[in-house]
*Asks:* 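Mind looking over this structure? Questions follow.
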Amino acid sequence: MRLLGTISPDRPLLVVAVREEAAHLDDRLPVLLTGIGKVNAAVALATVLAQGEKPSEVINLGTAGALRPGWEGTHHVVQVIQHDLDTATLHALTGREYGAPLVIGKGDGPVLATGDLFVSEEAARDRLAEHADLVDMEGYAVATVAHRAGVPVRLVKHVSDEAGDGAGHTWKESVDECARHLAAWVAAQGW
């Protein structure tokens with residue numbers, strides 16, 4: 001976890017998993033590098049939000065795998081789910097809901113599946129494509145922490161790969177270009 005810059009209530013906090021995804025962001029806005037995965041993202045954001053000033057909003061920027069052909073570019077996620085939490089079994093055992101889908105945007109936009117699995121097998125991709133359009137490893141955790149802290153949240157993802165065979169290689173080759181697109185999206189917001 002590393003916070004670059006100072007959080008203030010008049011500016012958003014950019015939350016990014018790794019430095020490669022933040023490579024082209026300038027220093028106008030604070031950036032929180034969380035590390036990869038749901039636990040790292042949740043702990044880092046919760047720690048920072050508990051320490052003092054809260055930002056005007058949390059914006060989770062990052063790469064995502066496409067679960068269906070034709071998905072490319074930058075997307076504003078409207079709903080996020082956890083793909084590695086067995087909610088049906090937990091409900092059967094306890095009678096309570098855990099890990100319910102989170103609506104975080106309005107209008108048309110993709111559903112993001114978050115889990116602690118880098119999806120690089122076609123069978124996993126096809127299974128997830130039944131419920132979502134994109135896949136990442138931090139979005140659900142970031143959205144959950146922001147919601148519980150009462151801070152508005154947006155998830156903005158740029159497609160880096162097709163979440164199938166060779167996704168790891170594709171991510172390594174495309175992450176810098178994805179980071180450029182995400183930085184351009186931030187600059188276009190006028191902050």
*Asks:* Under 4.5 Å between side-chain heavy atoms, hopping through other hydrophobics if needed: is there a path connecting V16 to W191?
*Replies:* yes

*Asks:* Would a single hydrophobic cluster contain both W171 and M137, if residues Ile, Leu, Val, Met, Phe, Trp and Tyr are joined by side-chain heavy-atom contacts under 4.5 Å?
*Replies:* yes

*Asks:* Just wondering, are more than 12 heavy atoms of other shown residues or ligands nearer than 6.0 Å to CD in E20?
*Replies:* yes

*Asks:* How long is the span from the CD atom in E121 to the CG atom in D126, to the nearest 0.5 Å?
*Replies:* 11.0 Å

*Asks:* Hey, quick one: are L61 and I36 part of the same hydrophobic cluster, counting side-chain heavy atoms closer than 4.5 Å, chains of contacts allowed?
*Replies:* no

*Asks:* Cluster question for you: counting only ILVMFWY and a side-chain heavy-atom cut-off of under 4.5 Å, with indirect links fine, are L14 and V156 together?
*Replies:* yes

*Asks:* Which distance, rounded to the nearest 0.5 Å, do you find between the CG of L182 and the CD1 of I59?
*Replies:* 11.0 Å

*Asks:* Does CD in Q82 sit with more than 12 non-hydrogen atoms of other residues, nucleotides or ligands closer than 6.0 Å?
*Replies:* yes

*Asks:* Within a strict 4.5 Å, meaning less than it, do heavy atoms of the P9 and E53 side chains meet?
*Replies:* yes

*Asks:* Determine, stepwise, if the pair N60 / K157 fulfils side chain to side chain contact (heavy atoms under 4.5 Å, CB included).
*Replies:* CA-CA 8 Å; N60 176 219; K157 301 295 177 172; 2.8 Å; yes

*Asks:* Identify the heavy atoms of G5 and P30 that sit nearest to each other, and give their distance.
*Replies:* C-CB, 4.2 Å

*Asks:* Checking N40 side chain against T34 main chain: does a donor-acceptor pair fall under 3.5 Å?
*Replies:* no

*Asks:* Side chains of K38 and E138, heavy atoms from C-beta outward: is any pair under 4.5 Å?
*Replies:* no

*Asks:* Just by distance, no angles: are the side chains of D136 and T114 close enough, under 3.5 Å, to form a donor-acceptor pair?
*Replies:* yes

*Asks:* Has the side chain of E21 got a donor or acceptor atom that lies under 3.5 Å from a matching backbone atom of T63?
*Replies:* yes

*Asks:* If every non-hydrogen atom of S174 is compared with every non-hydrogen atom of S160, which pair is closest and at what distance?
*Replies:* OG-O, 2.8 Å

*Asks:* Ignoring hydrogens and angles, tell me if any N or O in the side chain of R148 forms a donor-acceptor pair with the backbone of A143 under 3.5 Å.
*Replies:* no

*Asks:* Taking all non-hydrogen atoms of both residues, which atom of H24 and which atom of D176 are closest, and how far apart?
*Replies:* NE2-OD1, 2.8 Å

*Asks:* Show the nearest heavy-atom pair for residues V119 and A124, with the distance to one decimal.
*Replies:* CG1-CB, 4.1 Å

*Asks:* Test side chain to side chain contact (heavy atoms under 4.5 Å, CB included) on R96 and Y98; report intermediate values, then the result.
*Replies:* CA-CA 7 Å; R96 292 183 297 277; Y98 294 95; 3.1 Å; yes

*Asks:* Any side-chain donor-acceptor pair under 3.5 Å between T74 and H158?
*Replies:* yes

*Asks:* Is the distance from the ring center of W185 to that of H75 below 6.0 Å?
*Replies:* no

*Asks:* Looking at V31 and A22, what are the two nearest heavy atoms and their distance?
*Replies:* CG1-CB, 4.4 Å

*Asks:* How long is the straight-line distance from CZ of R19 back to CG of L33, given to the nearest 0.5 Å?
*Replies:* 9.5 Å

*Asks:* What I'd like to find out is whether the side chain of T89 reaches to under 4.5 Å of the side chain of L93, using heavy atoms alone.
*Replies:* yes

*Asks:* State whether R154 and E57 are salt-bridged, where the test is any N-O pair (Lys NZ or Arg NE/NH1/NH2 against Asp/Glu carboxylate O) under 4.0 Å.
*Replies:* yes

*Asks:* Check which hydrophobic residues are tied to I7 through side-chain heavy-atom contacts below 4.5 Å, counting indirect links as well, and list them.
*Replies:* M1, L3, L13, V15, L32, L45, V48, L49, V58, W71, V77, V80, L102, I104, L112, L134, Y140, V142, V145, V151, V153, L155, V159

*Asks:* For the pair V135 and L67, evaluate side chain to side chain contact (heavy atoms under 4.5 Å, CB included) and give the outcome as yes or no after the intermediate values.
*Replies:* CA-CA 7 Å; V135 62; L67 296 173; 3.8 Å; yes

*Asks:* Are H131 and I81 side-chain neighbours, meaning at least one heavy-atom pair lies under 4.5 Å?
*Replies:* yes

*Asks:* Ignoring hydrogens, what is the shortest heavy-atom contact between P12 and S56? Give both atom names and the distance.
*Replies:* N-OG, 3.2 Å

*Asks:* In terms of heavy-atom contacts, does CG of D10 have more than 12 from other residues, nucleotides or ligands at under 6.0 Å?
*Replies:* yes

